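First comes the structure, then the notes that go with it.
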There are 2 protein chains.
Amino acid sequence: MAKAGSAKAQRMERLQAELAQGRALHISAVAKLLDVSEMTVRRDIQQNPDKLGYLGGYVVPRGMFEPENSYTLDMAADQQRDAKRRACEAALRYVKAEETIFIDCGTTLIELVDLIPNDMPLTVVCYALNVAERLAHKPNVTLVMLGGVYYPASATFFGPEALATIASLGINVALLSAAGFDWARGATCAHFHEAEIKRKVMATASRNILVIDTSKVGRLRSVLFAESSSFDAVVTERSEDETSQRST
Amino acid sequence: MAKAGSAKAQRMERLQAELAQGRALHISAVAKLLDVSEMTVRRDIQQNPDKLGYLGGYVVPRGMFEPENSYTLDMAADQQRDAKRRACEAALRYVKAEETIFIDCGTTLIELVDLIPNDMPLTVVCYALNVAERLAHKPNVTLVMLGGVYYPASATFFGPEALATIASLGINVALLSAAGFDWARGATCAHFHEAEIKRKVMATASRNILVIDTSKVGRLRSVLFAESSSFDAVVTERSEDETSQRST
DNA sequence: ATCATAATGTTATAATTCTCACAAAAGTTC
DNA sequence: GAACTTTTGTGAGAATTATAACATTATGAT
């Protein structure tokens with residue numbers, strides 16, 4: 001499909017260039033621009049869902065939005081997300097105003113940012129780009145970002161300075177995520193550099209809270225970063241009132 | 001209009017938070033979310049065109065992309081932005097593939113990110129959140145971010161680690177911006193911490209290029225960070241082919 | 001309380017977009 | 001070049017979205 005120089009491939013390139021600056025073009029404008037029918041534009045988009053997005057009549061560049069969500073969906077459709085949010089609500093109860101907290105990367109803890117009340121002063125440390133974006137607009141939050149080289153897979157930064165910075169911070173609560181968790185084996189994640197950050201943070205923080213939705217329980221990923229016993233609490237969407245304290 | 005705590009104002013806040021990371025929500029989803037009719041959502045959007053955008057049935061955060069008024073595509077809207085872009089085009093000629101470059105903060109150099117060809121491998125160092133966001137999606141760019149505390153005024157991070165990191169990097173080209181520039185006095189910016197980063201970068205980089213639109217010339221801001229002579233070139237939107245080399 | 005005004009909801013109608021099936025054109029293979 | 005596959009175009013009906021007018025409900029002031 002779509003060989004390197006084919007008409008279709010050329011259209012895609014042209015179109016991507018046109019949308020590069022984050023402009024949205026109406027499908028009729030695109031059709032005129034590329035001198036093809038609207039139907040063809042529609043098909044092009046359907047066939048390259050990773051490059052282009054389609055939003056109620058308009059062609060939009062991908063990458064401007066989160067790859068999974070948006071576009072054709074109402075948010076009600078996303079059950080998993082709701083679980084994550086409820087887990088975050090529970091996690092937020094471990095945080096007090098004026099404290100310094102760490103927020104891990106991943107799709108779970110992103111939800112937490114919006115749940116932080118606007119009148120709650122906090123210092124928040126993070127190392128994920130999408131988390132930082134959201135935090136940046138919070139009025140009473142002092143945002144501290146760990147720098148380094150960007151890892152697209154998890155939207156995080158990592159480098160030796162990051163580790164050094166963590167050591168120099170006084171973190172009250174660390175809210176950690178995991179791609180897999182098992183009471184016997186512990187918490188695992190997919191990337192080695194993530195694990196390094198997590199371990200370093202957990203070594204400094206006064207309280208370590210693991211925040212996961214229950215779909216993660218029983219799963220195992222490549223890098224183990226903490227045993228179950230090293231968490232002060234494990235919070236899930238089921239932790240409505242009583243939180244599952246560690247059974248030690 | 002919409003007093004601080006009014007129902008309308010509250011809706012707007014909630015909605016903006018929901019859209020914060022660049023999600024697009026269908027109008028029906030928004031209506032359910034805010035528990036109002038779709039008509040009200042439509043009116044809310046119409047009344048706050050600077051905060052929210054509306055794109056063929058979907059509510060989108062403004063700033064993510066500028067929807068052109070349906071059907072007609074004139075992009076002749078923003079002249080200043082066009083000037084900045086042309087300056088960036090000129091600046092880009094100082095950059096070669098495989099090099100390590102620094103991109104300063106500000107509205108000018110943001111334009112440069114989109115102008116980087118997708119097939120041009122680069123390592124890019126930055127310290128502005130919005131610059132990082134855009135760079136994150138570039139396929140052949142290795143992104144290095146300087147961490148620290150977030151300064152909303154310029155969307156930048158700053159801290160001692162940032163300065164230390166700069167010193168440890170090998171930067172070929174530094175693309176610098178300024179809020180004010182004058183051949184006699186030099187380049188100035190509005191924030192002290194910005195100036196510190198700029199100075200440190202300029203001390204390390206092999207080539208220092210100042211990228212400004214001509215509206216900045218003759219203006220003066222609070223912090224001087226470099227004399228005119230310390231730049232290897234000053235690039236503006238008028239630098240179409242011949243670049244105004246420093247006149248020393 | 002009463003009036004005036006702003007905000008919201010509802011409905012009907014107009015306009016637009018979506019989808020599908022099929023036709024036409026272009027490109028491949030033998 | 002004939003048969004086949006892929007790509008593109010067209011049009012009609014279904015579905016969705018936009019708009020305006022009017023009804024209803026809140027909100028504020030006197």
Side-chain angles (χ1 to χ4, degrees), chain A residues 1-19 23-62 64-65 69-78, chain B residues 1-16 18-19 23-62 64-74:
Chain A
M1 53 167 78
K3 292 174 190 172
S6 72
K8 190 183 286 188
Q10 283 187 321
R11 280 203 308 268
M12 292 303 294
E13 251 180 78
R14 176 86 198 277
L15 192 45
Q16 279 186 265
E18 206 67 35
L19 296 170
R23 289 193 314 162
L25 290 175
H26 193 269
I27 188 165
S28 63
V30 175
K32 263 182 256 172
L33 182 73
L34 303 176
D35 198 34
V36 291
S37 71
E38 297 190 9
M39 194 66 229
T40 302
V41 176
R42 284 208 167 82
R43 282 193 273 242
D44 278 359
I45 295 164
Q46 270 194 326
Q47 286 162 29
N48 297 64
D50 47 318
K51 295 180 183 170
L52 297 176
Y54 194 50
L55 209 57
Y58 289 77
V59 186
V60 299
R62 259 296 156 97
M64 283 282 156
F65 293 85
N69 308 5
S70 349
Y71 306 131
T72 326
L73 103 131
D74 331 65
M75 50 168 302
D78 204 343
Chain B
M1 286 272 131
K3 292 174 188 172
S6 73
K8 191 182 284 190
Q10 283 188 320
R11 282 202 304 270
M12 292 303 293
E13 249 180 77
R14 176 84 200 278
L15 193 45
Q16 284 191 85
E18 205 68 34
L19 297 171
R23 259 208 311 270
L25 288 176
H26 192 271
I27 187 166
S28 63
V30 175
K32 262 182 259 172
L33 181 74
L34 302 177
D35 197 34
V36 291
S37 71
E38 298 190 10
M39 195 64 228
T40 302
V41 177
R42 282 208 168 83
R43 282 193 273 241
D44 278 359
I45 295 164
Q46 271 193 328
Q47 285 162 29
N48 297 62
D50 46 319
K51 294 180 184 172
L52 298 176
Y54 193 52
L55 212 53
Y58 289 77
V59 185
V60 299
R62 252 306 152 83
M64 268 295 151
F65 46 74
E66 339 229 339
E68 13 203 323
N69 252 352
S70 330
Y71 316 127
T72 4
L73 59 151
D74 346 82

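Residue numbers start from 1 in every chain, and the chains themselves are labelled A, B, ... in the order their sequence lines are given, proteins ahead of strands. The structure displayed is predicted, hence computed values, not measured ones.
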First encountered from the 5' end of DNA chain D, between G57(B) and M39(A): M39(A)
I45(B) CD1 to dT19(D) C1', straight-line distance once rounded to whole Å: 14 Å
Between P of dA18(D) and CZ of R43(B), the distance in whole Å: 14 Å
Atom-pair distance (CG on L55(A); C1' on dT17(D)), nearest Å: 14 Å
Distance in angstrom units between Y58(A) OH and dT16(C) P, rounded: 11 Å
Between dG11(D) (C1') and E38(A) (CD): distance, integer Å: 13 Å
For atom CG of L25(B) and atom P of dT17(D), their distance in whole Å: 14 Å
Below 4.0 Å: OP1/OP2 of dT8(D) and any side-chain N or O of T40(A): no
Nearest-0.5 Å distance, OH of residue Y58(B) to CD1 of residue I27(B): 11.5 Å
Distance, rounded to the nearest Å, where H26(A) contributes NE2 and dT16(C) contributes C1': 8 Å
Candidate nucleotides dA18(D), dT17(D), dC18(C), ranked by approach to the side chain of Y54(B) - the nearest: dA18(D)
Separation of atom CZ in R42(A) from atom C1' in dT8(D), rounded to whole Å: 14 Å
Closest non-hydrogen atom pair between A31(B) and E38(B), with its separation: CB-CG, 3.8 Å
Reported CG-to-CE distance for the pair D44(B) and M39(B), which is rounded to 0.5 angstrom: 10.5 Å
